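Working notes, structure below.
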2 protein chains.
Amino acid sequence: MTKQRVIVFNTVKALGSHPTAFEIFERVRKELPGVSLSTVYRNLSILVDQGDILTVRGIGQEVHYDHNLHDHYHVQCRICGKVSDIHTDFIIPSCINPNNEEGYIIEDMLITLIGVCPECANRMKVEDEDA
Amino acid sequence: MTKQRVIVFNTVKALGSHPTAFEIFERVRKELPGVSLSTVYRNLSILVDQGDILTVRGIGQEVHYDHNLHDHYHVQCRICGKVSDIHTDFIIPSCINPNNEEGYIIEDMLITLIGVCPECANRMKVEDEDA
DNA sequence: CATTATATTCGGAATAGTTCCGATTACGAA
DNA sequence: TTCGTAATCGGAACTATTCCGAATATAATG
Ligand SMILES: [Mn+2]
Ligand SMILES: [Mn+2]
Ligand SMILES: [Zn+2]
Ligand SMILES: [Zn+2]
């Protein structure tokens, strides 16, 4: 664990809000002004491989990082791109039956709900009223 | 429907195998040698907006396109990146309860299983035996 | 048919996110 | 201290996608 890796890890935890690599970079920079973006990327990828953090994918091509290792699901706003944890009474089964006709060895399951966050929904409502 | 759009649409159907934009471009090119990549991208995005085709996302940053509009799920091989339809006795609920504490309006659900395809599993087994 | 308006195309530049690489530096073991 | 390994920095390269301006096709109108 180098100084840089510890700070990247702590920053993911501190930010909490499913930050992107660049958002993490900008924050790490405040504590470690000379850090390079490639160092942030490399350490994020090591932390993911070690199972210390998780990745979340949605619409668009940026990866979001999550310090919360508990079994939980995400929703992304299709307007502003924000990623949030989601608590719904809809239960998503977390264990996969590995039997499938295609003969794949199944290891993981990417799930992200897509929708509109309350802030964006409200902003759109106001804009409609104004028009 | 321009000539280009029809050919892009038919190519997605003809390829069948969840092709990427670039794979579609390469195939469209054979029928329409002067077509530009931007035309393929624009028409794919129009076809998606019109609901004529679907997008599939997995690991990595490329989008895959699917002509099959039926409710079905996908698995991607983490080794070779191939995307396949998956038939498993594990039932994924397709209807989402919109109630959630976060107040999101939920519109869609991205689901992709991740694993190893039979070909890659076999190749890895052979490589292990050789070593 | 000629004219105009609109939509679409092509080609390439620009952008965004990420990965890679070479030279330098930090760290630990011998 | 010396050596070897691993990590860092900085920037170039890469990949996927979007954007833009000029040219072209299409459709509607006179
Ligand atoms: Mn989370
Ligand atoms: Mn499919
Ligand atoms: Zn939003
Ligand atoms: Zn494979």
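Labels below follow one simple rule: chain letters A, B, ... track the order of the sequence lines, proteins then strands, and each chain is numbered from 1. None of the values given here were measured: they were computed from a predicted structure.
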Base-contact (B) and sugar-phosphate-only (S) positions in nucleotides 12-20 of chain D, heavy-atom cut-off under 4.0 Å, - elsewhere: ----SBBB-
Could you check which residues of residues 49-56 of chain A get a heavy atom under 4.0 Å from DNA chain C? Sort them by number, please. none
Which atom of Val40(A) lies closest to which atom of Ala21(A), heavy atoms considered: CG1-O, 3.9 Å
Exactly one of Val48(B), Val56(B), Leu47(B) clears side-chain contact (heavy atoms from CB on, under 4.5 Å) with Tyr65(B), and that residue is Val48(B)
Is Cys117(B) close to Cys80(B) at the side-chain level, that is, under 4.5 Å between some pair of heavy atoms? yes
Where the side chain of Gln76(B) meets the backbone of Val83(B), is there a donor-acceptor pair that is under 3.5 Å apart? no
Say whether, by atom type as modelled, one donor and one acceptor occur between the side chain of Thr112(B) and the main chain of Leu110(A) under 3.5 angstrom. no
Are the side chain of Glu102(A) and the backbone N or O of His87(B) linked by a donor-acceptor pair below 3.5 Å? yes
Does some side-chain heavy atom of Arg57(B) sit less than 4.5 Å from a side-chain heavy atom of Ile59(A)? yes
For the helix from dC1(C)-dG30(D) to dA30(C)-dT1(D), how many degrees between its two end axes (five pairs per end), to the nearest 10°? 10°
Atom-pair distance (CZ on Arg57(A); C1' on dA16(C)), nearest Å: 15 Å
Who pairs with Arg27(B) by salt bridge (Lys or Arg N to Asp or Glu O under 4.0 Å), at least two apart in sequence or on another chain? none
Less than 4.5 Å apart, any side-chain heavy atom of Asn10(B) and any of Glu31(B)? no
Could you report the tightest heavy-atom contact between Cys77(A) and Val116(A), atom names first, then the distance? SG-CA, 4.0 Å
Filtered N/O pairs between nucleotides 4-9 of chain C and protein, under 3.5 Å:
residue, atom, partner, partner atom, Å
dT9(C), OP1, Thr2(B), OG1, 2.6
dT9(C), OP1, Gln4(B), OE1, 3.4
dT9(C), OP2, Arg42(B), NH1, 2.0
dT9(C), O3', Gln4(B), NE2, 3.1

With distance as the sole criterion, is a donor-acceptor pair present between the side chains of Asn68(A) and His18(A) under 3.5 Å? no
Pairs involving residues 36-49 of chain A, ordered by first then second residue, that meet side chain to side chain donor-acceptor pair (under 3.5 Å) (sequence neighbours left out): Arg5(A)-Asn43(A), Ser36(A)-Ser38(A), Ser36(A)-Thr39(A), Thr39(A)-Arg42(A)
